[in-house]
Amino acid sequence: MLRFTLRRLALLVPVLFGLSILLFVWIRALPGDPARSLLGERATPEGIRQIRALYGFDKPLVEQYWAYLGQLVTFDFGSSIRDGRPVTDTFLEQFPATVELAFFAIVFAVVLGIPLGYAAARRRGELVDGAVITGSLIGVVIPVFFLAILLKLVFAIQLDWFPTSSRQDARIDATHITNFYVLDGLLTREFDAAWDAIVHLVLPAVALGTIPLAIIVRITRASVSEVLNEDYVRTAEAKGLHPQVVRRRHVLRNAMLPVLTTIGLQVGLLLSGAVLTESVFAFNGIGSYLFDAIAQRDYPVLQGYILFIALIYSLVNLAVDIGYGLIDPRVRVS
Amino acid sequence: MTTMTSATTPEPAALLDVRDLSVVFHGSHGDVEAVSEVSFSVRPGEHVALVGESGSGKSVTSLAVMGLLPTRSAKVEGSIRYDGDDLLAMTDHERRDLRGAEMAMIFQDPMTSLNPVVPIGVQIGEVLQRHKAMTGRQARNESGDLLARVGIADGSRRLGEYPHQLSGGMRQRVLIAIALACEPRLLIADEPTTALDVTIQAQILELLRELVSGTGTALVMITHDLGVVAGLCDQVHVMYAGRVVESAPRRPLFARPRHPYTGGLLRSIPRLDAPRGEPLTPIPGSPNDALSWAAGCAFAPRCGNRIDRCTSQTPELAAQHAYEPGYEQALRCFNPIGEETS
């Protein structure tokens, strides 16, 4: 298992290297120009030329990439063209918010999705099943921004159960160490701050977690239905085992394999897809910063952020593969 | 509780007594009667065979006895008495206490009947822990011994292995170990050798014979292979389309089959002493999907002995003069072999 993990980690290097080339080319293939968006409407050809020369955009692509790669190997991701702040700094400041949001969203999706999917599979064709399937269909098709606005309108504005925006009440003087606000609150024993951060996370997490929830429900239902018909479940029942043992050891353990893969894929999507939710709830993650970077062709920010996200995504999927191996001996690598 | 068999003979009371069993499956296309009017009994230590083609209802019968049919879609009626107690009147909890401890089952396909993600030691041990209140360590030791008893050398060292590391024959041995772990008084083997290589089949049958003979374990062998019956079973019930068509002790059944279907099954067994190149004699046609006992005999369309009455009137299972006391002998046929009327 250790060798497998190390090999997979080593494999990340060529993957990220290849991605850095693709990103570099793709981003520059986008129409538009950072110099033009930086200078605005009154840009003169001369001004644009100067800016391009300043950032080296006038050099051949290969030469530009070579310079960028030189920075990368020293973990220097450059600075934003818009505000001049180092990409690493802004990323480390904003990314914990996105991770926290994605984490709560996936927890919401898993904690609710697996039992619902299981119940639907168990009562296939009955009312519960129909309700779960219909609900999950709605969950998949409802646009995230619409759901986010709806949740905010109903639960934050009208019912006033949850805050409307931001990550934490500004009146709370919380100490921040890691920028994961909930974690910080726990670490510093400022439990009111942690609780406040959690309350702020509820609506965004529900909005963001609804699509993964719907997908997890469906995959769980399909997977459990299949496993329930397996001969080994009948063998387990023939042993007279308690239903909980049959469920835990024989049904869920097998049914979770495809679900685990789905969760891994969803985590990646959540990290990069939180943009809309973050903007509705003014949640200070990478979302709006990345969005603006796209709009203004902020090449260093785009390259750096996307590489970071790709790295995290790969690590999550590596964790899923390791988890898979822990559950299923057939894929375990010797 | 007295049974038909025990009332007329000094033999011990039946361990398992099935009377007028019927199983109806509710499907989206209406109800399907998979088994009906099935009656048989098994005494302690007796080896009984249920024989028939796929779809004859023999597996459904055994699952009904074990209580493993889906409660939502299958309706089981009649009576199934185990040691005098009516299984169909028991709660799920009471039946679970019996399953694995008092009655156990070996399934047809060892490749799919073991959980692929759980070590075999756990799969054997869990039945011991459930019914014998063993600790994990005790169950482990006992599981190792059980593996040795079913012929897996070095059993205790292989408890950590997973099913995919074992061959089909080995897996069936593991399943036998699971079934016999709590020394059940009733063992149901549902085509235990069908999915195995021919050479392994003989080994597994031999192992089963060794393990059940002399222990007082009653065996219900479900098979389509009369060759399996010949070496193992005392009493045979031949099923066709969900009903018993002939019941007889093994020797008279082989020597003088009465029902044309039994005759057909016997003729379709390859014989080593047959002349070279002689083709096997199959039973023409195939069993119908829907049960067709409503008007006439379900076997009539395939039957060489068919007479007019067979397609207009449904034959009843009629008790025959018993060949040996204590055995059941019965026949459901208007025109049995050897007594042809036309």
Side-chain angles (χ1 to χ4, degrees), chain A residues 1 118-130 220-221 223-261 320-334, chain B residues 26 28 59 62-63 65-70 72-73 92-120 122-131 160-165 171 174-175 178-179 181-182 184 187-188 190 195:
Chain A
M1 193 56 90
Y118 186 88
R122 220 39 228 241
R123 293 176 183 73
R124 215 172 172 144
E126 290 176 22
L127 198 68
V128 181
D129 185 29
T220 306
R221 174 180 178 269
S223 181
V224 169
S225 303
E226 201 180 302
V227 171
L228 283 175
N229 286 324
E230 291 284 354
D231 288 345
Y232 54 77
V233 173
R234 198 181 52 192
T235 306
E237 278 166 357
K239 294 175 190 174
L241 300 177
H242 288 296
Q244 305 95 289
V245 178
V246 176
R247 179 166 63 223
R248 242 190 10 250
R249 190 179 287 159
H250 297 285
V251 178
L252 278 180
R253 209 157 157 181
N254 282 284
M256 278 310 100
L257 294 170
V259 179
L260 195 63
T261 309
V320 166
D321 285 352
I322 291 172
Y324 216 103
L326 290 179
I327 298 180
D328 191 345
R330 288 166 297 182
V331 299
R332 207 168 283 168
V333 198
S334 50
Chain B
H26 310 292
S28 43
S59 291
S62 64
L63 291 173
V65 171
M66 287 294 289
L68 291 175
L69 289 171
R72 286 172 54 208
S73 58
D92 286 352
H93 188 91
E94 288 168 326
R95 295 203 78 173
R96 274 204 301 279
D97 284 345
L98 289 180
R99 275 206 298 271
E102 283 281 321
M103 52 175 73
M105 189 160 174
I106 301 168
F107 296 98
Q108 182 167 1
D109 191 350
M111 303 312 275
T112 56
S113 293
L114 287 168
N115 187 337
V117 304
V118 174
I120 57 170
V122 175
Q123 299 193 53
I124 303 171
E126 64 183 358
V127 67
L128 294 166
Q129 287 181 279
R130 162 72 174 89
H131 295 292
E161 290 188 7
Y162 289 90
H164 72 277
Q165 293 166 291
R171 293 190 206 186
V174 172
L175 282 159
I178 290 170
C182 296
L187 178 67
I188 300 176
D190 183 3

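In the text below, chain A, chain B and the rest are named by the order of the sequence lines, each starting its count at 1. The figures that follow rest on heavy atoms only: side chains count, while hydrogens, waters and symmetry mates do not. This one's a predicted model, so the numbers in the text were calculated from it and none came from an experiment.
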K.L.:
Out of B/R72, B/H131, B/M66, which one racks up the most heavy-atom pairs below 4.5 Å with chain A?
P.N.:
B/R72
K.L.:
So, taking the atom named CZ in A/R330 and the one named CG in A/L257, what distance separates them when rounded to the nearest 0.5 Å?
P.N.:
7.0 Å
K.L.:
Which bit of B/L114 is near chain A, if near means a heavy-atom gap under 4.5 Å: side chain, backbone, both or neither?
P.N.:
backbone
K.L.:
Need one label for B/R95: side chain, backbone, both or neither, based on atoms under 4.5 Å from any heavy atom in chain A.
P.N.:
neither
K.L.:
Go through the atoms of B/I106 and report whether side chain, backbone, both or neither lie under 4.5 Å from a heavy atom of chain A.
P.N.:
neither
K.L.:
Please flag which part of A/V233 lies under 4.5 Å from any non-hydrogen atom of chain B: side chain, backbone, both or neither.
P.N.:
neither
K.L.:
By a 4.5 Å heavy-atom criterion (distance strictly below it), what part of A/R249 contacts chain B: side chain, backbone, both, or neither?
P.N.:
both
K.L.:
With only heavy atoms counted, which part of B/L175 is less than 4.5 Å from chain A, the side chain, the backbone, both or neither?
P.N.:
side chain
K.L.:
Looking at A/P243, is its backbone amide N or carbonyl O close enough to the side chain of B/R96 to form a donor-acceptor pair, meaning the two atoms are under 3.5 Å apart?
P.N.:
no
K.L.:
Would you find more than 12 non-hydrogen atoms of other residues, nucleotides or ligands less than 6.0 Å from A/E126 atom CD?
P.N.:
yes
K.L.:
Is it the case that the side chain of B/S113 and the backbone of A/T235 share a donor-acceptor pair, with hydrogens and angles ignored and the cut-off at 3.5 Å?
P.N.:
no
K.L.:
Tell me which of these, A/E237, A/R234, A/R253, has more heavy-atom pairs under 4.5 Å with chain B than the rest.
P.N.:
A/R234
K.L.:
May I ask you to decide if B/V118's main-chain N or O and B/Q123's side chain share a donor-acceptor pair within less than 3.5 Å?
P.N.:
yes
K.L.:
Knowing that exactly one of A/V320, A/D328, A/D321, A/L326 qualifies, which makes a side chain to side chain contact (heavy atoms under 4.5 Å, CB included) with A/L260?
P.N.:
A/V320
